[in-house]
Amino acid sequence: MKDALQLLVADYLSLMKESGELDAFMPLLISGMGHQVLHTAQRGVREQGVDMASVGKADDGRKTLFMWVLKCGNVGRNEWNVGPQSVRHSLEDLVDVYMRGNIPPEHKKLPRKAIVVTNGEFSSNVLPNMTGYFESLKERHGIEVVAVNGSLLAAWTVDHLFDEHILPAERRMLFRRVLANVSQPDLCISIGRQLIDALVADLPVTEGSKASRKKRTLLALRGVRAVLSALTLRGAAEENVLAPYRLAEYAVLAVWSKLHGELAGATASDSAKEFGMLLGETMTVAMRYHERLDDFYRTQDAFAYVLPDHLFVSKRIFEEAGRLGLQGCFWAWHSKSGHEDVGMHWAYARRLVWLLETHSGLQLPAFDHQATDIHHALLLLAITGHFEKAKGWVSALCQRLGVARSKRELWPTVQTLEQQLQVRFDFEEPTDDGMSCSTLIPILLLWTALLGIDEGYKFLREKLIPETRWSTPNLWSPDVGYDALLASPRGLASHGVGETLAYVPEEPSEYLSRMAKSLPGVEPIASADWYKANFPFIPMLAALHWELQLPREMLVQQAIAFCEGGTALARELQAAGQAPADGRA
């Protein structure tokens with residue numbers, strides 16, 4: 001079984017590119033080997049010969065300075081000795097530059113070992129040259145040099161990242177099934193969730209010494225990242241990046257639901273750093289996914305040409321809008337939290353604008369839960385100052401919903417896609433249950449109020465709601481224990497308090513003021529761990545992933561905070577303290 005897993009991992013490693021993939025994977029592996037990573041690879045031509053350095057125990061048990069030289073693919077004569085990026089040139093720089101001026105003072109007296117790593121193989125015609133040169137370096141400079149090929153790299157990965165603690169027999173079986181079924185997203189996601197659940201099942205670790213608990217926690221978190229990394233590479237090879245995207249989302253929710261207390265209270269802890277790296281992995285998977293769909297976003301009705309029915313088209317385009325909104329909001333939060341501002345939220349906003357311009361189906365959702373997708377997308381438009389685009393979209397949604405009130409088969413349903421397909425193809429009779437409530441109406445009231453669409457707000461209040469008594473406007477508020485349920489759709493669906501919107505004030509400002517306050521008797525969002533940690537993307541991700549509602553208090557406060565710079569009413573409410581100034585809601 002171990003040999004089979006090793007072959008699978010070797011295949012996965014061989015797919016990695018040097019920049020952004022192999023150099024991103026190696027620190028994870030080196031940490032799993034128990035090393036302290038001193039620095040990681042830098043982009044561009046090597047100037048010091050060393051891609052990364054670490055301190056750890058060598059085979060003889062001595063504390064040693066390891067200097068890592070990475071090379072992607074097979075190493076032949078050209079890769080060994082031609083050009084400034086060849087292996088030999090890197091080793092020369094290692095001796096002449098890195099060892100002379102870049103080793104930290106506290107590590108200067110340690111034994112030194114250079115590791116030349118490739119995810120391919122070393123050609124037989126260069127092995128004699130390499131061996132002779134390695135021996136020369138040892139004689140002249142006292143450096144032991146070791147060559148590591150893809151097979152040995154895979155063995156290290158199995159031993160240190162997918163070891164018996166992280167992937168015992170039953171989990172290894174799941175891991176193989178996940179990778180084997182990556183071309184079938186639904187099956188891959190289902191198996192992948194089982195694997196992630198197994199990896200985080202024992203978190204938080206409560207038995208053993210403090211050091212032992214810390215090690216087992218970090219092993220579990222690194223195991224999750226390693227599995228996602230493997231799945232991402234295999235998904236790219238199989239032309240399917242949806243399953244890795246969905247499983248990366250689930251992994252974030254699963255880890256947060258287990259460790260939210262620790263992650264909210266200690267931002268500098270090792271677990272918090274690992275969680276940050278997991279978020280980084282998710283962001284990378286998302287970027288790859290959305291970049292691959294750029295042509296679909298820009299092409300008129302592109303999704304309609306590849307999907308078999310209007311219901312599938314509606315489901316997909318609103319999912320895309322919601323995910324674009326979430327990723328854009330995440331990057332904006334990332335920048336505002338003191339991290340580097342790379343402007344990615346603008347890139348996601350541009351994709352969202354393309355999608356709105358090319359897919360008119362976004363003007364009326366087929367499913368009521370798509371109100372959450374709409375809210376996420378509108379938040380991104382507000383953050384990036386696309387207020388006119390947001391106003392046009394909200395106005396169109398109100399108009400189309402007005403038509404749907406007289407053609408009830410168009411009304412956004414609370415039923416599932418499968419239930420609607422049964423009705424669509426006459427296997428079942430339509431019922432009023434599918435139109436029993438609406439989360440879309442409260443969200444449209446929120447955005448017409450914030451964006452100053454007075455006619456839209458008046459229409460919703462005075463026309464639409466009175467004439468659609470068969471559909472009750474609905475809001476939802478979580479209660480104690482919300483953070484622990486984010487990986488459980490059943491737990492979330494039965495958690496918290498549903499609320500009928502029985503009265504809509506005449507003044508939009510009064511509606512916003514009422515809705516921005518917590519429901520009496522329900523724990524306010526300020527008591528939740530995601531709020532304390534300033535992680536607003538956690539409930540946003542959960543609502544999108546499980547097709548559920550956002551907390552009502554958060555829904556309104558966040559929209560007010562993000563619209564602060566664009567509408568007079570938002571600025572007025574912000575000044576009155578109706579939303580947090582940092583937008584954490």
How close do Phe296 and Thr358 get, heavy atom to heavy atom, and via which atoms?
O-OG1, 4.4 Å
Just verifying a value: how many Å separate Leu444 CG and Leu464 CG, rounded to the nearest 0.5 Å?
8.5 Å
Mark yes or no for whether Thr413, through its side chain, and Gly434, through its backbone, hold a donor-acceptor pair below 3.5 Å.
yes
Between Arg351 and Glu320, does any NZ, NE, NH1 or NH2 come within less than 4.0 Å of an OD or OE carboxylate oxygen?
no
Do Arg400 side-chain atoms and Leu364 backbone N/O form a donor-acceptor pair below 3.5 Å?
no
Could you measure the distance from the CG atom of Leu460 to the SG atom of Cys398? Nearest 0.5 Å is fine.
4.0 Å
Test of understanding: with salt bridge (Lys or Arg N to Asp or Glu O under 4.0 Å), list the residues that count as partners of Glu281, not counting sequence neighbours.
none
Side chain proximity check, Leu401 to Trp411, heavy atoms < 4.5 angstrom
yes
What one should report as the nearest heavy-atom pair of Val178 and Cys188 is O-SG, 3.5 Å
Do the rings of His290 and Tyr348 sit parallel, tilted or perpendicular, given the 30° and 60° boundaries?
perpendicular
Does Thr448 reach the main-chain N or O of Leu445 with its side chain, forming a donor-acceptor pair under 3.5 Å?
yes
Give a yes-or-no answer on whether the side chains of Asp529 and His260 include a donor-acceptor pair shorter than 3.5 Å.
yes
Report the residues that fulfil ring-ring contact (aromatic ring centres under 6.0 Å, His included) with Phe537, sequence neighbours left out, ordered by chain and then residue number.
Phe330, Trp333, Phe535
Main-chain N/O of Leu228 paired to Thr232 side chain as donor or acceptor, under 3.5 Å
yes
Judged by atom type as modelled, is there a donor-acceptor pair below 3.5 Å linking the side chain of Ser257 to the main-chain atoms of Ala254?
yes
Check Asp295 against Thr299 and note the closest heavy-atom contact, atom names and distance.
O-OG1, 2.6 Å
With rounding to the nearest 0.5 Å, note down the distance linking CG in Leu263 to NZ in Lys273.
13.5 Å
Tell me whether Gln420 contacts the main-chain N or O of Leu417 through its side chain, where contact means a donor paired with an acceptor under 3.5 Å.
no
With the threshold set at 4.0 Å, does a side-chain nitrogen-carboxylate oxygen contact exist between Glu388 and Lys391?
yes
Do Leu279 and His334 touch side chain to side chain, with heavy atoms closer than 4.5 Å?
no
Kindly write out the residues that satisfy ring-ring contact (aromatic ring centres under 6.0 Å, His included) with Trp393, not counting sequence neighbours, or none if the list is empty.
none
Passes side-chain contact (heavy atoms from CB on, under 4.5 Å), His375 versus Met540? Steps please.
CA-CA 10 Å; His375 178 73; Met540 293 171 70; over 6 Å; no
For the side chain to side chain contact (heavy atoms under 4.5 Å, CB included) test, which of Leu541, Ile538, Leu278 pairs with Trp256?
Ile538
Point-to-point distance, once rounded to the nearest 0.5 Å, from CG of Leu379 to SG of Cys563:
7.5 Å
Compute both the distance and the angle, then confirm whether Arg552 meets the cation-pi test with Trp476: under 6.0 Å from the six-membered ring centre, within 45 degrees of the axis.
no
CG/Leu187 to CZ/Arg177 distance, rounded to the nearest 0.5 angstrom?
6.5 Å
Going by atom types only, do Gln557 and Glu553 share a side-chain donor-acceptor pair under 3.5 Å?
yes
For atom CZ of Arg405, is the number of surrounding heavy atoms from other residues, nucleotides or ligands below 6.0 Å larger than 12?
yes
So which heavy atom on Ile196 is nearest to which on Ala251, and how close?
CD1-CB, 3.9 Å
Stepwise, does the side-chain contact (heavy atoms from CB on, under 4.5 Å) test hold for Asn474 with Leu501?
CA-CA 6 Å; Asn474 180 265; Leu501 187 61; over 6 Å; no
Using modelled atom types only, decide if a donor and an acceptor are shared between the side chain of Asp368 and the backbone of Ser438 within a distance under 3.5 Å.
no
Could you tell me whether Gln300 atom CD has more than 12 heavy atoms of other residues or ligands within 6.0 Å of it?
yes
Does some side-chain heavy atom of Lys258 sit less than 4.5 Å from a side-chain heavy atom of Val255?
no
For Arg246 and Glu249, what are the C-alpha separation, side-chain angles and deciding distance, and is it a salt bridge (charged side-chain N to carboxylate O under 4.0 Å, His left out)?
CA-CA 5 Å; Arg246 294 280 289 167; Glu249 291 177 343; 3.8 Å; yes
Kindly indicate whether the side chain of Val414, heavy atoms from C-beta on, has any atom under 4.5 Å from the side chain of His369.
no
Is the shortest heavy-atom distance from the side chain of Ser183 to the side chain of Asn240 under 4.5 Å?
no
Can you tell me how far SG of Cys329 sits from NZ of Lys336, rounded to the nearest 0.5 angstrom?
11.5 Å
Evaluate the side-chain contact (heavy atoms from CB on, under 4.5 Å) criterion for residues Leu352 and Thr384: first the C-alpha distance (whole Å), next the side-chain angles of each, then the deciding distance (0.1 Å), finally the verdict.
CA-CA 11 Å; Leu352 177 58; Thr384 52; over 6 Å; no
I'd like to know whether Thr439 forms a side-chain contact (heavy atoms from CB on, under 4.5 Å) with Leu475, so could you lay out the CA-CA distance, the side-chain angles of the two residues, the decisive distance to 0.1 Å, and finally the verdict.
CA-CA 6 Å; Thr439 62; Leu475 291 160; over 6 Å; no
Go through Asp483 and Tyr531 one step at a time and tell me if the side-chain hydrogen bond (donor to acceptor under 3.5 Å, both in side chains) criterion holds.
CA-CA 10 Å; Asp483 288 280; Tyr531 188 97; over 6 Å; no
Minimum side-chain heavy-atom gap His359-Phe318 below 4.5 Å:
no
Under 3.5 Å: donor-acceptor pair, side chain of Ser513, backbone of Ser509
no
Is it the case that Arg323 places NZ or CZ above or below the six-membered ring of Tyr245, under 6.0 angstrom from the centre and within 45 degrees of the axis?
yes
For the student: nearest non-hydrogen atoms of Leu397 and Leu362, plus distance:
CD2-O, 3.5 Å
Nearest heavy-atom pair of Leu544 and Thr372: which atoms, and what distance?
CD2-CG2, 4.1 Å
Considering only heavy atoms from C-beta outward, does the side chain of Ile441 approach that of Ile465 to under 4.5 Å?
yes
Would you check if Met515 and Tyr511 make a side-chain contact, meaning some heavy-atom pair closer than 4.5 Å?
yes
Taking Glu238 for its side chain and Asn181 for its backbone only, find out whether a donor-acceptor pair lies under 3.5 Å.
no
